Amino acid sequence: MKRLTQSAVLVAATLLSLSSCNTRSLIYPGSEMQMPDAACGFPTNAIELPSEDGTSTLRGWFFNRGANTPLVVLFGGNAMNVGTMANLAAADPARSYLLMNYRGYGGSTGEPSQKDIVPDARYAIRYARAAMGNPSAQLYLAGFSLGSAVATHVAVTEQPAGIILICPFDNMKSVACNVVPFIPRLLPLDPWDSVRVAPQITCPVTIISANYDQVLPDGSTDKLIRAFRTPPTVHRFEADHNNIFSAAGFNQAFYQALPVTENCQFDF
């Protein structure tokens with residue numbers, strides 16, 4: 001009986017370990033699943049930045065429109081090269097944009113984790129503001145899916161003028177269990193618990209969600225909406241998780257959440 005119990009514990013531990021690895025790959029898939037940086041275009045805006053801790057190299061794009069422009073930082077989603085969002089930056093010459101791939105994403109080196117992604121983002125923001133010649137440039141954060149959690153967590157300390165969350169969720173474990181229902185909630189995943197930190201955010205929040213989101217659990221976005229101290233502005237589109245950017249009216253909702261500037265002219 002003792003040997004049987006020990007064997008059962010060993011099998012359970014092995015399955016738990018395998019499940020943990022598989023679940024982690026759902027959150028941070030390998031770079032082979034992502035579009036390469038070169039395919040994203042805008043080579044003249046490509047930048048390379050050593051991480052603050054010196055262990056990785058962060059690569060992305062920086063559209064520097066000068067010291068008097070607001071800085072918009074875009075955070076990408078799961079299995080996504082953030083450069084695929086660069087069209088939003090290229091179409092808006094009135095604002096500066098920063099897009100940096102997480103460690104292990106696109107051309108960035110290293111292993112992604114919540115404990116590194118958040119400080120990397122803060123460091124990249126300081127770099128961009130310094131390069132603009134304005135260390136206190138007005139800041140806006142925007143993130144899609146996983147990037148919505150990054151934007152929410154970064155906003156706690158960076159005090160942006162506003163954040164835009166595209167297909168946001170309440171926490172990572174609820175999403176993982178939605179994708180792979182048998183994954184236990186006790187696995188040691190990066191929590192990305194946006195509901196927990198949302199009450200600390202005081203700036204205006206805009207949420208863009210898909211009515212037919214097949215990735216997020218039912219009610220996940222609504223839980224996050226209720227967690228903010230001030231009710232966010234919410235736009236819901238007839239789209240799913242993967243085609244939200246092409247939904248009619250998306251660009252209008254996105255740009256209208258940013259400050260109006262003198263050179264801001266869009267034909268919606």
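Just so you know, residue 1 is the first one in the sequence shown, and it goes up from there. Every value quoted in this text rests on a predicted model; they were computed, and no experiment measured them.
The minimum heavy-atom distance linking Gly110 with Ser56 is given by the pair CA-OG, 3.6 Å. Here the shortest heavy-atom pairing between Thr69 and Ala94 reads CG2-O, 3.5 Å. The two residues Pro199 and Ala227 have their closest heavy-atom pair at CG-O, 3.4 Å. Nearest approach of Tyr140 to Ala257, heavy atoms of both residues: CE2-O, 3.8 Å. Of all heavy-atom pairs spanning Tyr123 and Pro50, the tightest one is CE2-O, 3.1 Å.
Side-chain contact between Phe250 and Ile166 is present, with heavy atoms from C-beta onward closer than 4.5 Å. Using a 4.5 Å heavy-atom cutoff, the side chains of Phe62 and Leu49 are not in contact. Side chains of Asn81 and Asn101 form a contact here, defined as non-hydrogen atoms less than 4.5 Å apart. At a threshold of 4.5 Å between non-hydrogen side-chain atoms, the residues Ser148 and Phe169 count as touching. Between Asn171 and Val195, the closest side-chain pair of non-hydrogen atoms is not below 4.5 Å. Using a 4.5 Å heavy-atom cutoff, the side chains of Leu258 and Pro70 are not in contact. Within the 4.5 Å cutoff, no side-chain heavy atoms of Ser108 are placed close to those of Met100. Contact of the Tyr105 side chain with the Ile117 side chain is not registered, since no non-hydrogen atoms from C-beta on lie closer than 4.5 Å.
The backbone N or O of Gly41 lies less than 3.5 Å from a partner atom in the side chain of Trp61, making a donor-acceptor pair. The main-chain N or O of Val215 is found under 3.5 Å from a side-chain atom of Asn178 such that the two form a donor-acceptor pair. Panel note: side chain Asp190, backbone Gln114; a donor-acceptor pair is recorded below 3.5 Å. A distance-only check finds no donor-acceptor pair linking the side chain of Thr206 to the backbone of Ile164 [under 3.5 Å].
Side-chain N/O atoms of Asn45 and Tyr97 include no donor and acceptor closer than 3.5 Å. Counted by atom type alone, Asn68 and Asn134 present zero donor-acceptor pairs between their side chains at under 3.5 Å.
In this structure, CD in Glu111 is found 10.0 Å from CG in Asp116, a value given to the nearest 0.5 Å. Remark: Thr221 OG1 to Leu216 CG distance equals 5.0 Å, nearest 0.5 Å. Atom-to-atom distance recorded for Thr57:OG1 and Glu48:CD is 5.5 Å, nearest 0.5 angstrom. Rounded to the nearest 0.5 Å, atoms CZ (Arg129) and CG (Leu139) are 5.0 Å apart. In this structure, the separation between SG on Cys203 and CZ on Phe228 is 8.0 Å, given to the nearest 0.5 Å. Rounding to the nearest 0.5 Å gives a distance of 10.5 Å between CG of Asp92 and CZ of Phe63.
Ring centroid separation for the pair Phe144 and Phe245 comes in under the 6.0 Å cut-off.
The aromatic rings of Phe237 and His235 sit parallel, their planes meeting at an angle under 30°, below the 60° perpendicular limit.
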- [ ] I would like to know whether Glu52 and Tyr127 meet side-chain contact (heavy atoms from CB on, under 4.5 Å); could you show each step before the answer?
- [x] CA-CA 10 Å; Glu52 189 172 23; Tyr127 160 83; over 6 Å; no
- [ ] Please step through side-chain contact (heavy atoms from CB on, under 4.5 Å) for the pair Val154 and Ile125, ending with a clear verdict.
- [x] CA-CA 10 Å; Val154 172; Ile125 289 169; 4.0 Å; yes
- [ ] Walk me through it: do Ser220 and Asp222 pass the test side chain to side chain donor-acceptor pair (under 3.5 Å)?
- [x] CA-CA 5 Å; Ser220 177; Asp222 290 334; over 6 Å; no
- [ ] Carefully, step by step, assess Thr202 and Gln159 under the rule side-chain contact (heavy atoms from CB on, under 4.5 Å).
- [x] CA-CA 8 Å; Thr202 58; Gln159 299 181 334; over 6 Å; no
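In Asn243, the CG atom is crowded: over 12 heavy atoms of neighbouring residues, nucleotides or ligands sit closer than 6.0 Å. More than 12 non-hydrogen atoms from other residues, nucleotides or ligands lie less than 6.0 angstrom from CD of Gln214.
With respect to the salt-bridge test (charged N to carboxylate O, under 4.0 angstrom), the residues Asp120 and Arg103 qualify.
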